[in-house]
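Here the structure is a predicted model, which is why all the values come from computation and not from measurement. Count residues from 1 along the sequence.
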Amino acid sequence: MKRTAICPGSFDPVTMGHLDIIRRAAKMFDHVIVAVLVNPSKQPSFTLEERISLLNRATAGMDQGILEIVGFDGLLADYAKQREATAIVKGLRAVSDFEYEFQMALTNKKLNPQLETVFLTTSAENMYLSSSIVKQVAQFGGDISNFVPECIHDDIRERLCKGVEGK
Ligand code: PNS
């Protein structure tokens, strides 16, 4: 049986940390759906289409037979059922991530008992990384080359740096 997993997130924008988790999930499953979802507690900086486009470009070098990038506006548990996915793969950076992630994993399990959540420990070099950190650095004209792949630097900088005087 084909094993399908979902890597869900806001990806606003995708970072090296996300890409590391996606790459590792692709080694564990036959089909990995990277699902760009709405997080009701966040106001995104990039539209859904932009986030999908950034992800497509950032994952261009990965195994395209395994990866699929999609957008979905609804419950992750429902989408997983619809796509016959049996696992959600997420990265855990620090203890501070745990409570929220644990709550989501238990909720998703209640909504869709067939669905397991698999946590991958983030790589040490990405421990500190988050989309919000990337946005803050880009906003003030800082160097984001260690945080996001080169092919999407300019898009992120152009979008976020706009309001900064002299940049
Ligand atoms: O990258 P994020 O913002 O931490 O990802 C959170 C996300 C988008 C995966 C989560 O908010 C989500 O699953 N949203 C879809 C709606 C849903 O299913 N909510 C209930 C989860 S318990």
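Note: F147 and Y128 have perpendicular aromatic rings, judged against thresholds of 30 and 60 degrees for the angle between ring planes.
Remark: side-chain polar atoms of Q64 are paired, donor with acceptor, to backbone N or O of M62 under 3.5 angstrom. Using a distance-only test at 3.5 Å, with no hydrogens or angles considered, a donor-acceptor pair links the side chain of R159 to the main chain of S45. At least one donor-acceptor pair under 3.5 Å links the side chain of T107 to the backbone N or O of Q103. Judged purely by atom type and a 3.5 angstrom limit, E68 has no side-chain atom pairing as donor or acceptor with the backbone of A35.
Cluster membership for L76 and V89, using ILVMFWY side-chain heavy atoms within less than 4.5 angstrom, is not shared. Hydrophobic clustering (side-chain heavy atoms under 4.5 Å, transitive across Ile, Leu, Val, Met, Phe, Trp, Tyr) keeps F72 apart from V14. In the hydrophobic cluster analysis, where Ile, Leu, Val, Met, Phe, Trp and Tyr join through side-chain heavy atoms closer than 4.5 angstrom, V38 is grouped apart from I88. Linking ILVMFWY residues whenever their side-chain heavy atoms come closer than 4.5 Å, directly or via other members, leaves L115 and F29 in distinct clusters. Neither V137 nor M127 shares a network with the other; the hydrophobic side chains, linked directly or stepwise wherever heavy atoms of I, L, V, M, F, W or Y lie under 4.5 Å apart, form separate groups for each.
To the nearest 0.5 Å, atoms CG (L129) and CD1 (I144) are separated by 10.5 Å. Note that CE of M104 is 7.0 Å distant from CG of N39, once rounded to the nearest 0.5 Å. To the nearest 0.5 Å, atom CD1 of residue I6 and atom NE2 of residue H31 are 9.0 Å apart. In this structure, CG in N126 is found 10.0 Å from CG in N146, a value given to the nearest 0.5 Å. The distance from the CD1 atom of I33 to the OG1 atom of T4 is 5.5 Å, given to the nearest 0.5 Å. Distance check, rounded to the nearest 0.5 Å: CE of M16 to CG of D20 gives 10.5 Å.
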*Dump the intermediate steps for side chain to side chain contact (heavy atoms under 4.5 Å, CB included) on H18 and S131, then the final yes or no.*
CA-CA 9 Å; H18 295 128; S131 297; 3.4 Å; yes
*Start with the C-alpha gap between D155 and F46, add the side-chain angles, then the distance that decides, and say whether side chain to side chain contact (heavy atoms under 4.5 Å, CB included) holds.*
CA-CA 10 Å; D155 287 59; F46 295 87; 5.8 Å; no
_Test side chain to side chain contact (heavy atoms under 4.5 Å, CB included) on F98 and L92; report intermediate values, then the result._
CA-CA 7 Å; F98 185 77; L92 263 193; 4.0 Å; yes
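Of all the heavy atoms in A26 and I66, the pair that sits closest is O-CD1, 3.5 Å. Summarising the geometry of H153 relative to V148, their closest heavy-atom pair is NE2-O, 3.1 Å, with the distance given to 0.1 Å. Listed here is the closest heavy atom pair of C7 and A25: SG-CB, 3.9 Å. A pairwise comparison of heavy atoms in S10 and V36 identifies O-CG1, 3.7 Å as the closest pair. Considering all non-hydrogen atoms of both residues, P13 and V134 come closest at CG-CG1, 4.3 Å. When all heavy atoms of K81 and L111 are compared, the pair lying nearest together is NZ-O, 3.6 Å.
Exactly one of I52, I69, L48, V34 qualifies for a side-chain contact (heavy atoms from CB on, under 4.5 Å) with F11. That residue is V34.
Counting heavy atoms from C-beta outward, R57 and S53 have side chains that approach closer than 4.5 Å. No side-chain heavy atom of N112 sits less than 4.5 Å from a side-chain heavy atom of D78. Within the 4.5 Å cutoff, the side chain of S123 has heavy atoms near those of the R24 side chain.
We find that K90 and D97 are not joined by a salt bridge, their nearest charged nitrogen and carboxylate oxygen being 4.0 Å or further apart.
By the neighbour-count criterion of 12 heavy atoms within 6.0 Å, atom CD of Q43 is sparsely surrounded, having that number or fewer from other residues, nucleotides or ligands.
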